[in-house]
Amino acid sequence: MKTKQAPLHSGFGAQTTAREVIGRQRLDGAIAVVTGGYVGVGLETTRALSGAGATVIVPARTLDKARAALADVDRVEVDSLDLSDPRSIDAFAARFAASGRPVHILVNNAGIMAAPLTRDARGFESQLATNHLGHFQLTARLWPALRKASGARVVSLSSRGHVRSAVDFDDPHFERRPYDKWLAYGQSKTANALFAVALDARGEAAGVRAFSVHPGAIVTDLMRSMSEEERRAAVEAARAVLKNAEQGAATSLWCATSRQLEGMGGVYCEDVDIAESAPADSPELRGVRPWASDPQLAERLWTKSEEWTGVTLLA
């Protein structure tokens with residue numbers, strides 16, 4: 001049964017931190033995987049999960065950078081993963097599967113934003129390929145371990161940027177239309193939200209629940225593809241609602257661990273609560289737009305993602 005896309009009035013808010021969400025909750029014995037868990041919001045997510053007792057596997061493209069950032073964090077394992085390379089994803093998942101461990105928490109946190117037009121080896125536009133398809137394949141490859149956990153949660157980082165674009169099923173990889181880095185980013189973030197809807201529908205019977213998250217406006221390494229002028233303009237526009245990285249990690253932690261969400265899933269969350277459903281023409285910054293929460297669009301994207309990657313969920 002699909003969870004209603006409406007706030008629970010959780011008691012938390014935009015300024016809540018990851019540690020405040022965790023509180024005294026213990027996660028001893030839990031295994032978490034956090035992509036990009038060594039920088040920005042991802043690093044704070046790793047810190048909070050580890051601080052509560054979980055073992056955290058951090059797949060990283062740059063191993064030295066990840067190891068240096070996580071040197072003072074307990075119970076962390078760093079492994080190699082490039083989300084733009086299907087072979088790297090399969091290799092990481094195979095190494096994890098060989099350990100025989102379950103995955104209790106998967107946080108699909110890594111991503112790129114506003115990148116210039118580049119394509120992966122398959123010819124797929126890089127933002128959709130990395131932000132959505134890489135995590136789609138990773139989740140599918142980890143599916144047996146998620147099922148083994150008997151109550152896993154999958155958290156995918158979307159963004160308020162989803163308001164910029166629905167998924168363009170006619171030309172998702174900008175083969176005919178002019179490339180716009182912000183439309184491409186918005187499309188990839190819509191895909192992240194739709195992924196959670198479709199994954200939750202498939203996982204509920206096995207106890208695997210899925211959520212998408214807008215972490216908030218945060219100055220992080222995600223802005224690395226932007227020019228200095230673009231960064232200054234973005235910070236100025238969001239100054240009133242800017243969060244620090246620990247506040248940005250709070251909604252991910254809430255979706256991954258909160259008992260308030262037991263029996264729920266398939267919803268888009270922000271500011272440590274389920275977000276409101278906003279109409280397509282809403283001028284408000286808050287809420288999730290219809291094209292990022294529609295189950296039919298989610299199923300359509302799931303089918304296309306299987307075609308693009310050649311990957312399906314394994315029993």
Side-chain angles (χ1 to χ4, degrees), residues 1-5 8 10 12 16 18-23 25-37 41-42 44-59 75 93 96 101-110 132 135-136 138-158 192-215 248-275 288 293 298 302 313:
M1 183 175 181
K2 190 178 187 303
T3 303
K4 185 177 180 182
Q5 185 67 57
L8 296 179
S10 66
F12 298 115
T16 300
R19 287 177 176 82
E20 289 169 343
V21 167
I22 289 285
Q25 184 176 358
R26 297 299 302 170
L27 300 172
D28 303 283
I31 307 296
V33 176
V34 183
T35 66
V41 170
E44 294 304 326
T45 301
T46 299
R47 288 186 186 279
L49 291 170
S50 171
T55 295
V56 187
I57 291 84
V58 178
R75 292 174 296 278
F96 183 85
R101 293 179 291 180
V103 174
H104 299 91
I105 297 168
L106 171 59
V107 184
N108 291 325
N109 169 87
H132 168 58
H135 284 121
F136 178 91
L138 176 65
T139 304
R141 295 307 194 207
L142 293 177
W143 189 244
L146 288 161
R147 287 171 57 94
K148 186 184 293 187
S150 300
R153 294 192 187 179
V154 178
V155 181
S156 295
L157 267 73
S158 180
N192 292 146
L194 291 176
F195 170 69
V197 174
L199 181 66
D200 190 71
R202 287 160 174 77
E204 181 179 0
V208 181
R209 304 311 301 257
F211 303 86
S212 63
V213 164
H214 167 51
T251 308
S252 293
L253 264 293
W254 186 68
C255 289
T257 67
S258 177
R259 295 184 178 92
Q260 291 179 303
L261 291 169
E262 287 184 2
M264 300 182 186
V267 287
Y268 173 99
C269 301
E270 63 185 357
D271 292 340
V272 201
D273 205 341
I274 298 176
V288 60
S293 58
W302 188 279
L313 291 187

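Smallest separation of non-hydrogen atoms from A250 and T16: CB-O, 3.2 Å. Here the closest heavy-atom approach between residue S252 and residue T45 is recorded as CB-OG1, 4.4 Å. Taking both residues in full, the closest heavy atoms of P102 and I31 are given as O-CB, 3.3 Å, listed atom of the first, atom of the second, then distance. Contact record, H104 with G29: CE1-O, 3.8 Å, taken as the closest heavy-atom pair. Across all non-hydrogen atoms, the minimal contact from V21 to L253 is CG1-C, 3.9 Å. Between R202 and W143, the shortest heavy-atom distance links the atoms O-CZ2, 4.3 Å.
R209 places a side-chain N or O within 3.5 Å of a backbone atom of G263 that can act as its donor or acceptor partner. Remark: side-chain polar atoms of Q5 are not paired, donor with acceptor, to backbone N or O of S293 under 3.5 angstrom.
V208 places a side-chain heavy atom less than 4.5 Å from the side chain of V154. When side chains are defined from C-beta on, L199 does not count as touching F136, because their heavy atoms never get closer than 4.5 Å.
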Task: CA sep, side-chain torsions, deciding dist, call: I57, R101, side-chain contact (heavy atoms from CB on, under 4.5 Å) - done: CA-CA 11 Å; I57 291 84; R101 293 179 291 180; 4.2 Å; yes
TODO: Mind running side-chain contact (heavy atoms from CB on, under 4.5 Å) on V107 and V213 for me, showing each step along the way?
DONE: CA-CA 10 Å; V107 184; V213 164; over 6 Å; no
TODO: Quick one: do L261 and T3 satisfy side-chain contact (heavy atoms from CB on, under 4.5 Å)? Show the steps, please.
DONE: CA-CA 10 Å; L261 291 169; T3 303; over 6 Å; no
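Annotation: salt bridge (Lys or Arg N to Asp or Glu O under 4.0 Å) contacts of R26 (sequence neighbours excluded): D28. Qualifying salt bridge (Lys or Arg N to Asp or Glu O under 4.0 Å) partners for R19, counting only residues two or more places apart in sequence or in other chains: E44, E246. Here R75 pairs with nothing under the salt bridge (Lys or Arg N to Asp or Glu O under 4.0 Å) rule; sequence neighbours left out.
Here the CG-OG distance, from N108 to S212, works out to 11.0 Å after rounding to the nearest 0.5 Å. A distance of 10.5 Å separates CZ in R153 from CG in D200, rounded to the nearest 0.5 Å. E204 CD to M264 CE: the interatomic distance, rounded to the nearest 0.5 Å, is 12.0 Å. Distance CG/L313 to CG/L142: 11.0 Å, rounded to 0.5 Å. One finds the OH atom of Y268 at 5.5 Å from the NE2 atom of H214 (value rounded to the nearest 0.5 Å). Atom CH2 in W254 sits 11.0 Å away from atom CG in D271 (nearest 0.5 Å).
Between F195 and H132, the ring planes lie perpendicular to each other; the angle is over 60°, past the 30° to 60° tilted range.
Using modelled atom types and a 3.5 Å distance limit, the side chains of S156 and H135 yield no donor-acceptor pair.
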